[in-house]
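In what follows, a single structure is set out as structure tokens and then discussed.
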Amino acid sequence: MNIVLTAALQSRFAPLPKNMHIVFCIIATVVFVALYIRKRKMVDFLWLLVCDLPLILQFYGDSTTAAVIGVCEVILLIAIFVFHVQDRKAARNQSEDDSQSGEGGEDVDDLKDVEQAVKVERSKLAGNDADDNVISQAFDNYNT
């Protein structure tokens, strides 16, 4: 009986019953404030607003308020998407700059070590006549 009464008193625009919605908003606020303090990214603050803004609908349940909240939510979600795209482009540019700045030189050294290890293993398998072995000559054409 009490559950039916709670559902009946819930605003038709609010996503959750009032008590659950308030608890959710408190948890979301703590999480997103912590993320914002840690990373200093505006996206975390925008997500905080997206989560907490519908709480207004628990207290003002008219259709005009719901429409204004809905428009604000859409604007915030578009802003979050734009920030996300900008962050991805910046990360991609940073990784390209890192790869061009000289981190690729370490890969060449690693390949020389692997090449030397392969030659040693081939010589063990082929014996002393490794130069006459067709298989080892097939893979070593860049040395001739």
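No single ILVMFWY cluster, assembled from side-chain heavy atoms under 4.5 Å apart, contains both Val82 and Ile80. The hydrophobic cluster containing Phe81 does not contain Val50, counting ILVMFWY residues as joined when their side-chain heavy atoms lie under 4.5 angstrom apart, directly or transitively. Residues Ile56 and Phe59 fall within the same hydrophobic cluster, defined by Ile, Leu, Val, Met, Phe, Trp and Tyr side chains chained together at heavy-atom separations under 4.5 Å. Residues Val31 and Ile22 are members of one and the same hydrophobic cluster, defined by side-chain heavy-atom contacts under 4.5 angstrom among Ile, Leu, Val, Met, Phe, Trp and Tyr. Tracing side-chain contacts under 4.5 Å through hydrophobic residues (I, L, V, M, F, W, Y), one never reaches Leu55 starting from Val68; they form parts of separate clusters.
Phe83 is listed as a side-chain neighbour of Met42, based on a closest heavy-atom distance under 4.5 Å. Looking at Gln58 and Pro17, their side chains never come closer than 4.5 Å, going by heavy atoms from C-beta outward. Put simply, the side chain of Asn93 reaches to within 4.5 Å of the side chain of Glu96, judged on heavy atoms.
To the nearest 0.5 Å, atoms SG (Cys51) and NE2 (His21) are separated by 8.5 Å. Considering NE2 of His84 and NZ of Lys41, their distance stands at 10.0 Å, rounded to 0.5 Å.
Between Asp52 and Ala28, the shortest heavy-atom contact is OD1-CB, 4.5 Å. The two residues Glu73 and Leu49 have their closest heavy-atom pair at OE2-O, 4.1 Å. When all heavy atoms of Val43 and Asp87 are compared, the pair lying nearest together is CG2-OD2, 4.4 Å. Here the closest non-hydrogen pair linking Leu46 and Ala79 is CD1-CB, 4.0 Å. Taking all atoms of both residues into account, the shortest heavy-atom contact from Cys72 to Leu53 is CB-CD2, 3.6 Å. Of all heavy-atom pairs between Asp44 and Leu35, the closest is OD2-O, 3.4 Å.
Taking the side-chain contact (heavy atoms from CB on, under 4.5 Å) definition, one finds that Val71 meets it with Ile75, sequence neighbours left out.
A salt bridge links Lys119 and Glu115; the closest N-O separation between the charged side-chain nitrogens and carboxylate oxygens is under 4.0 Å.
Relative ring orientation between Phe32 and Trp47 is described as parallel, the plane-to-plane angle staying below 30° on a 0-90° scale split at 30° and 60°.
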